[in-house]
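Since the structure comes first, as structure tokens, the remarks are kept for the end.
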Amino acid sequence: MSDKKDLLVERLRADRDLSDDQFKMLLAADEHDAALCEAADEVRRSIYGDKVYVRGLIEFTNYCKNNCYYCGIRAGNTHAERYRLSKEEILSCCDEGYGLGFRTFVLQGGEDPYFTDERICEIVSEIHARYPDCVITLSIGEKSRESYQAYYDAGAGRFLLRHETADSEHYRKLHPAEMSLANRKRCLYDLKDIGYQVGAGIMVGSPYQTLDNIITDLRFLQNLKPDMIGIGPFIHHDQTPFADQPDGSYELTLRLLSVLRLMFPYVLLPSTTALGTIRPEGREMGLKAGANVVMPNLSPVSVREKYELYENKICTGEEAAQCRGCLEMRVKSAGYRIVTDVGNVAAH
Ligand code: SAM
Ligand code: FES
């Protein structure tokens with residue numbers, strides 16, 4: 001880097017905050033990118049060193065009762081080939097994952113009414129009993145506080161629920177009328193209150209998103225103080241109302257990852273599959289921009305293509321072990337190292 005420090009980036013690093021106008025200046029152009037990326041990497045290394053945490057992702061159902069306009073597995077997509085994994089299949093994904101060094105399992109799915117609280121609790125408690133040294137993460141959408149409490153009591157420790165956008169008008173443009181930002185937020189605060197490590201987040205470049213929306217997201221995250229923040233570019237899917245919408249920007253996603261690392265130095269920040277889908281080297285660049293988590297796919301290969309949230313999703317052909325090996329290499333090539341660890345958020 002040149003000797004001349006980027007004042008805006010240094011202010012963000014020092015204060016973990018900027019004014020709305022200053023955030024806009026950082027996000028609107030590429031002139032701060034090099035300094036942002038370097039500062040974000042320094043901060044991540046000061047807390048997490050070169051460690052990258054892995055999460056074994058199990059996409060256990062693509063049935064969904066919701067109709068989010070952006071999502072390839074929305075209920076209204078009659079072309080989607082639906083599947084759900086049995087408890088035994090989920091457990092065998094965990095068996096395989098454990099052998100590969102995963103100590104966190106992420107169970108993700110659509111909002112599938114088949115998976116009642118009783119069924120979810122049964123699955124969670126069985127995984128918990130078999131692997132007491134692992135953390136179970138759920139990503140199964142909006143539920144009542146009582147349901148979240150029941151999953152927590154059964155042994156789940158983390159929950160991923162992207163807020164998608166913190167602007168209610170923008171939320172309306174992405175979701176049908178029966179869904180609301182107020183309920184999404186209620187879920188996140190309930191989850192936190194119960195004691196989960198909570199992940200929120202957005203799609204970068206979702207249809208109709210403005211820079212002001214993104215700043216509202218940053219303000220919301222400052223209030224929520226999540227342990228994890230998941231961001232990835234929006235990618236269109238042919239069988240959705242957003243089929244003709246442009247994909248999100250790769251550059252803006254990287255920029256935002258760096259901004260998030262500087263705002264929330266401790267946060268667990270995945271370099272997402274969507275980032276690797278819009279650019280072959282996307283996940284490596286995401287790590288260099290401040291991300292410290294990767295989520296290889298542990299789902300059986302036979303169902304991978306069916307969990308198609310967006311087009312050309314990567315990693316649908318490889319076995320879990322191949323996926324793990326491929327990521328290990330990619331992480332190494334970016335200058336970091338995968339560790340076998342539950343990967344809790346650093347003290348802050
Ligand atoms: N049903 C759960 C929920 O709503 O949180 C979890 C599954 S949902 C498919 C997981 C995430 O996928 C969403 O939060 C959304 O941000 C992301 N996603 C959905 N469609 C996408 C698209 N077309 N491009 C990029 N990300 C997408
Ligand atoms: Fe339910 Fe996407 S609409 S998971």
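Whatever order the structure lists them in is the order used to number ligands and atoms, beginning at 1.
Of the polar atoms of R162, at least one N or O is found under 3.5 Å from an N or O of ligand 1, judged by distance alone. At least one N or O atom of R184, backbone or side chain, sits closer than 3.5 Å to an N or O atom of ligand 1. By the 3.5 Å distance cut-off applied to N or O atoms, G72 is not counted among the residues near ligand 1. For E164, a nitrogen or oxygen atom sits less than 3.5 Å from a nitrogen or oxygen atom of ligand 1, counting backbone and side chain alike.
Remark: among candidates M203, Q108, H163, the nearest residue to atom 18 (N) of ligand 1 is M203, based on non-hydrogen atoms.
Because its NZ or CZ atom is both nearer than 6.0 Å to the ring centre of Y250 and within 45° of the ring axis, R279 counts as a cation-pi partner of that residue.
Scanning all heavy atoms of the two residues, the minimum distance from R283 to R330 falls at NH2-NE, 3.5 Å.
No heavy atom of F159 sits closer than 4.0 Å to any atom of ligand 1. Within the structure, the closest approach of G109 to ligand 1 falls below 4.0 Å when heavy atoms are considered. Under the 4.0 angstrom criterion for non-hydrogen atoms, S139 is in contact with ligand 1. In this structure, P233 is part of the shell of residues with a heavy atom less than 4.0 angstrom from ligand 1.
Taking 2.8 Å as the criterion, C64 counts as a coordinating residue of atom 1 (Fe) of ligand 2, since one of its N, O or S atoms falls below it.
The part of I73 lying near ligand 2 is the side chain, judged by heavy-atom distances below 4.0 Å.
Electrostatic pairing of E10 and R13 counts as a salt bridge here, judged by a charged N lying under 4.0 Å from a carboxylate O.
For atom 20 (N) of ligand 1, a protein heavy-atom neighbour is found at a distance under 4.0 Å. Per-atom contact check: atom 2 (C) of ligand 1 touches the protein, criterion being a heavy-atom distance below 4.0 Å.
If you check which protein heavy atom lies closest to atom 23 (N) of ligand 1, you get I235 O, 2.7 Å. Looking at atom 8 (S) of ligand 1, its nearest protein heavy atom turns out to be Y307 OH, 4.6 Å.
Put simply, the side chain of Y69 never gets that close to the backbone of T240: no donor and acceptor are under 3.5 Å apart.
When side chains are defined from C-beta on, V135 does not count as touching F105, because their heavy atoms never get closer than 4.5 Å.
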